[in-house]
Protein chains: 2
Amino acid sequence: MAVPLYQAKAEFFRTLGHPVRIRVLELLQDGPRPVRELLAAIEVEPSNLSQQLAVLRRTQLVTATREGNTVVYALSTPDVAELLRAARRILTEMISDQESLLAELREPDRQAHRA
Amino acid sequence: MAVPLYQAKAEFFRTLGHPVRIRVLELLQDGPRPVRELLAAIEVEPSNLSQQLAVLRRTQLVTATREGNTVVYALSTPDVAELLRAARRILTEMISDQESLLAELREPDRQAHRA
DNA sequence: TATGAATGTGAAGAATTCTTCAACTTGCAA
DNA sequence: TTGCAAGTTGAAGAATTCTTCACATTCATA
């Protein structure tokens, strides 16, 4: 409640800041998935995955529904998928920027193309 | 180089996952700022701010330029600002969703409005 | 109802990240 | 030069987060 917005934001990003959690969210972008499938795709111990899923549940990024013997996870809102797409786009750009910078440093003045 | 993309992403988000760093990035959204101003706005010890700025520099999110006696920081690409805007939008939505859910739980069945 | 498969949980040590302190640079100006 | 203001840095203890282990739940079915 009294949590300042910038702190809420920081917490939100920290939640995204774990490889397993990122992969889970990305898998869920294509629709709900049972734990079993996540487990098959992610290569991590079951209890570890459970811990990470618990984090995602606590922060409301995903929802879990029991269906008989299995538990199905889903993104709690499509906004999450949107943010991930934005992040991917930006990361890709940043990385390719770095790469072309590197390339330029390696072979300097080869058909220079600056702004 | 051999770092899997999902790990790069996780690192990226972790970098954003700190209140001081978030505030710095938000202040820089409106243009370059000398450390002095950041310090005035953020309320944190100089050495702590420096540490966080160092993190942002290492991950290439910002650039620093010395101008005589002061050091001026800037976002290294407008993409960062874009991501922050996306995040703000999403967070705001998620929070308001939670709030209306809460409201509904508090006064149930008062003019129900579901999909 | 006894079993087993699918998941989840609390706890503890390992690993990371934060904060703070003291000391160090850089540039300017007395 | 000397001194001071503006920032930065390395190091270390504090705090947080991860991973893993042992054990618990929940369902379905034999």
Side-chain angles (χ1 to χ4, degrees), chain A residues 3-4 6-28 32-76, chain B residues 3-4 6-28 32-76:
Chain A
V3 179
Y6 55 83
Q7 189 162 337
K9 270 183 220 169
E11 274 170 35
F12 177 65
F13 283 126
R14 241 186 294 130
T15 303
L16 299 182
H18 187 290
V20 169
R21 295 198 291 262
I22 282 283
R23 297 194 71 187
V24 167
L25 293 176
E26 294 194 333
L27 289 168
L28 295 184
R33 293 274 178 282
V35 172
R36 183 173 7 90
E37 272 183 40
L38 301 176
L39 206 45
I42 298 186
E43 179 172 297
V44 63
E45 292 191 28
S47 67
N48 195 340
L49 180 59
S50 266
Q51 297 279 1
Q52 308 310 332
L53 289 174
V55 173
L56 293 174
R57 254 184 284 127
R58 260 179 248 133
T59 52
Q60 316 260 341
L61 266 68
V62 304
T63 59
T65 331
R66 175 149 226 140
E67 288 186 9
N69 215 351
T70 85
V71 178
V72 175
Y73 279 82
L75 295 187
S76 60
Chain B
V3 179
Y6 55 82
Q7 190 163 337
K9 269 182 222 169
E11 274 169 36
F12 177 66
F13 283 126
R14 240 185 295 130
T15 303
L16 300 181
H18 187 290
V20 170
R21 296 197 291 263
I22 282 284
R23 296 193 73 186
V24 167
L25 293 176
E26 294 194 333
L27 289 168
L28 295 184
R33 293 273 177 282
V35 172
R36 182 174 8 90
E37 272 183 40
L38 300 176
L39 205 45
I42 297 185
E43 181 172 297
V44 62
E45 292 191 25
S47 67
N48 195 342
L49 179 59
S50 265
Q51 297 280 0
Q52 306 312 330
L53 289 174
V55 173
L56 293 174
R57 256 185 283 127
R58 259 178 249 133
T59 52
Q60 318 259 340
L61 267 67
V62 304
T63 60
T65 330
R66 174 151 227 137
E67 288 184 10
N69 214 352
T70 84
V71 178
V72 175
Y73 278 82
L75 295 187
S76 60

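Just so it is clear: chains get the letters A, B, ... in the order the sequence lines come, proteins before strands, and each one is counted from 1.
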Check the distance between D/dA28's C1' and A/Arg36's CZ and give it to me in whole angstrom. 14 Å

Separation between CZ (B/Arg14) and OG1 (B/Thr59), nearest 0.5 Å, reads 11.5 Å

Looking at A/Tyr73, does any N or O in its side chain come under 4.0 Å of the phosphate oxygens OP1/OP2 on C/dG8? yes

Tell whether B/Gln51 reaches the base of C/dT20 with its side chain through a donor-acceptor pair below 3.5 angstrom. yes

Donor-acceptor contact below 3.5 Å, side chain A/Arg23 vs main chain A/Leu25: no

Is there a side-chain contact between B/Phe12 and B/Leu61 (heavy atoms, below 4.5 Å)? yes

Tell me: CG of B/Leu53 to P of D/dA6, nearest whole Å? 16 Å

Main chain of A/Thr15, side chain of A/Arg21: is a donor-acceptor contact present, judged purely on distance under 3.5 Å? yes

Side chain B/Glu67 and base C/dG27 donor-acceptor under 3.5 Å: no

From CG of A/Asn69 over to P of D/dC27, roughly how many Å is that when rounded to an integer? 9 Å

A/Ser50 has its side chain closest, among C/dT9, C/dG27, D/dA11, to C/dT9

Picking from D/dT9, C/dG8, D/dG7, the nucleotide nearest the side-chain atoms of B/Pro34 would be D/dG7

Here the distance between atom P of D/dT26 and atom CZ of A/Arg66, to the nearest Å, is 8 Å

Using atom CD of A/Gln52 as one end and atom P of C/dG8 as the other, report the distance to the nearest whole Å. 12 Å

For atom CG of A/Leu49 and atom P of C/dT9, their distance in whole Å: 12 Å

Please determine, for the side chain of A/Thr70, which listed nucleotide (C/dA6, D/dA5, C/dT20) has the closest atom? C/dA6

Taking the side chain as every heavy atom from C-beta outward, state whether A/Val35 and A/Thr70 have any atom pair closer than 4.5 Å. no

Neighbours of DNA chain C within residues 12-27 of chain B, by heavy-atom distance under 4.0 Å: B/Arg14, B/His18, B/Arg21

Under 4.0 angstrom between B/Arg57 side-chain N/O and D/dT9 OP1 or OP2: yes

With the side chain counted from C-beta on, respond yes when B/Val62 and B/Arg57 share a heavy-atom pair under 4.5 Å apart, and no when they do not. yes

Measure CD/A/Glu45 against P/C/dG8 and give the value in whole Å, please. 15 Å

Separation of C/dC18 atom P from B/Asn48 atom CG, nearest Å, is 10 Å

Could you grab the distance from atom OH of B/Tyr73 to atom CG of B/Leu49, nearest 0.5 Å is fine? 8.0 Å

